[in-house]
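Have a look at the structure below before the remarks.
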There are 2 protein chains.
Amino acid sequence: MARLPIYLQVLLSATEVGTTTVSSDELASGAGFNSAKVRKDLSHLGSYGTRGVGYQVAELTAEISQVLGLGDDRPVVIVGVGNLGRALASYDGFARRGFRLVALVDADPALVGTEVAGHTIEPVARLHELVEERGIGIAVIATPAAHAQAVADAVTAAGVTAILNFAPTQLEVGAGVTVRRVDLSSELQILSFYEHLAAQFPAATG
Amino acid sequence: MARLPIYLQVLLSATEVGTTTVSSDELASGAGFNSAKVRKDLSHLGSYGTRGVGYQVAELTAEISQVLGLGDDRPVVIVGVGNLGRALASYDGFARRGFRLVALVDADPALVGTEVAGHTIEPVARLHELVEERGIGIAVIATPAAHAQAVADAVTAAGVTAILNFAPTQLEVGAGVTVRRVDLSSELQILSFYEHLAAQFPAATG
DNA sequence: CTTTGTGAAATCCTTCACAGCG
DNA sequence: CGCTGTGAAGGATTTCACAAAG
């Protein structure tokens, strides 16, 4: 259900505008797919729509948030405070959606002790301790690829069950741990492929 | 073919280690899926493997790079030089994989004229001109959601055919333009869901 | 004996189309 | 009437399993 967060976004912007009900058609165009898919997806959560009317924005927002486990703000650690880690630490989108950054960790002794986005950077050695003490369940790995596996091992050993991996490498984790990988240069390469196509066959649709 | 870049990564790390041939099994475990899928994927590119041996790392790397249109370095513009834009501008992964950052653009007059990662930030008004002059085909949008559509309109009007969108919004673009969306808080929300599950049913596998 | 390449089977995902509710 | 909820159809993708090649 990788689409629920997108519905949530559409619902949030509907709330801002003051809309109180949305149809599957409106959700679909806001989210970028078709209405049948929206209804199928939402029907898996139970029956929250009213025929002839649509869905209550507030009710559906609450339901999706609950399914996603949002609301009770979730402590997150960012490991690796390079350019990307720093940007993520300062990114207010996390805070606005129910996540709370509670620790920053880096291997570089020159960075440890300095402050970024209101957090003092901690050494890798304290990772286990921090995860346990602060009840961290989600870790963001923004280290170089070579260190990513060691970090994953450390955080999962300490109790983290969900990892967002920005390092361009495949992580091995035990059962019960979920990894999502975001690979920025892969994304560009895929685009490159389409641009390549577009340049060769200007008639083709991406 | 969103998996080709991942194969490419595995191949690159194989090259670093000095391996000259890989089997579909090795590629599969490096990439995180199974060998049948790898072989199906690679068979679409043509027949580059040797039965009983595997694939030549160098040959396959060249072939995938060519299909993805890499090699002839591709000019990229980043629009929006906030935390994320700045991190992307400094991210060396792009340069190392055949992309060349040729312009930075921001709407904030206070930023225009300042230097980031060796590039002088240009005003939004020059966007069209920059895209045409510098032959830019790929744009990275790292602006707030409210401005993303206007930027997309501007760059596609100027000839960009591929967009990497970090703004949490659905972009409308004409035919022939490809958009890929990377939504960091969606990723965290999806993880949140799995962590939520793991916390409730410790036995279940992610 | 190992590993590719590939038809066939199985599975998953999307879209259609419409009955039924409000 | 409008819109949801959902079986059924249609596509696409993944996996199986094995023949053929080195």
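Everything quoted here is computed from the prediction, not taken from an experiment. Lettering of chains follows the sequences in order, A, B, ..., and the numbering in each one begins at 1.
The shortest distance between the side-chain N/O atoms of B:Arg3 and the OP1/OP2 oxygens of D:dT14 is below 4.0 Å. Remark: A:Tyr55 is in phosphate contact with D:dG5, judged by side-chain N or O atoms under 4.0 Å from OP1 or OP2. Under 4.0 angstrom from either OP1 or OP2 of D:dT4 there lies at least one side-chain N or O belonging to A:Ser24.
Backbone-only contact: A:Asn34 has heavy atoms under 4.0 Å from sugar-phosphate atoms and none from a base.
At whole-Å resolution of the value, CZ in B:Arg39 and C1' in D:dT13 are 16 Å apart. As a whole-Å value, the separation of A:Asp41 CG from C:dC12 P is 16 Å. Whole-Å rounding puts the A:Glu26 CD to D:dC3 P distance at 8 Å. Distance CZ (B:Phe33) to P (D:dT14): 9 Å, rounded to an integer number of Å. Rounded to an integer number of Å, the gap from CG of B:Leu27 to P of C:dG5 is 12 Å. Look at OH on A:Tyr48: it is 19 Å from C1' on C:dG22, rounded to the nearest Å. Atoms NZ (B:Lys37) and P (C:dC12) sit 12 Å apart, rounded to a whole Å. Remark: P of D:dC16 and CG of B:Asp25 are 12 Å apart, rounded to the nearest angstrom.
Taken to the nearest 0.5 Å, the CD atom of B:Glu133 stands 5.5 Å off from the CZ atom of B:Arg126.
In terms of modelled atom types and a separation under 3.5 Å, the side chain of A:Ser192 and the main chain of A:Leu188 share no donor-acceptor contact. A donor-acceptor pair under 3.5 Å is formed between the side chain of B:Arg74 and the backbone N or O of B:Gly69.
Under 3.5 Å, the side chain of A:Lys40 and the base of C:dT14 form no donor-acceptor pair of N or O atoms.
Heavy-atom distances to DNA chain D give each of A:Ala36 and A:Val53 a nearest nucleotide, and the one nearer the 5′ end belongs to A:Val53. Where B:Gly52 and B:Gly49 meet DNA chain C, the nucleotide closest to each residue was compared, and B:Gly52 sits on the side nearer the 5' end.
The side chain of A:Arg51 sits closest to C:dG20 out of C:dG20, C:dA17, C:dT4.
The side chain to side chain contact (heavy atoms under 4.5 Å, CB included) test with B:Tyr7 singles out one residue from B:Thr61, B:Leu60, B:Val38, and that residue is B:Val38. Each of B:Glu59, B:Gln56, B:Glu63 was compared with B:Tyr48 under the side chain to side chain donor-acceptor pair (under 3.5 Å) criterion, and only B:Glu63 meets it.
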